[in-house]
Amino acid sequence: MFFYVPDKHVLAMAAVRVLSSMIELTAAILMLKLNRVEAALKINATLAFVGPAVMLTVMALGLWGLAGKIPPVKMLTIIMGVGLIFYGLRR
């Protein structure tokens with residue numbers, strides 16, 4: 001292995017990001033293979049669900065790893081920040 005990762009939460013966060021990148025790459029290859037705008041838009045719409053799910057999963061893993069290591073007020077501030085990101089992105 002290239003890196004020594006002592007924390008299982010960091011390893012899980014990285015694994016989710018690697019999985020996400022593999023999904024994105026597969027979608028790009030599929031778009032090129034199908035070679036139709038309509039199909040590419042459908043694939044892109046499907047990917048719109050993957051991004052937020054990955055962000056929430058990685059953030060949850062990170063917060064889980066921080067639980068007990070930081071004060072509850074800071075934890076609440078981080079959670080509220082994530083909530084505000086999603087609130088700001090809604091239509």
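All values reported here derive from a predicted model rather than from experimental measurement.
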(request) Rounded to the nearest 0.5 Å, what's the gap from CG on L47 to OG on S20? Could you check? (result) 8.5 Å

(message) Going by side-chain hydrogen bond (donor to acceptor under 3.5 Å, both in side chains), name the pairs with one or both residues in residues 22-44, residues two or more places apart or in two chains.
(response) none

(message) Is it the case that the side chain of T77 and the backbone of V73 share a donor-acceptor pair, with hydrogens and angles ignored and the cut-off at 3.5 Å?
(response) yes

(request) Starting at OG1 of T46, measure out to CD1 of I23 and round the result to the nearest 0.5 Å. (result) 11.0 Å

Could you pull out every donor-acceptor pair under 3.5 Å between side chains of residues 48-72 and any protein atom, sequence neighbours left out?
residue : atom : partner : partner atom : Å
T57     : OG1  : A53     : O            : 2.7

(message) Grouping I, L, V, M, F, W and Y whenever their side-chain heavy atoms are under 4.5 Å apart, do I85 and I78 come out in a common cluster?
(response) yes

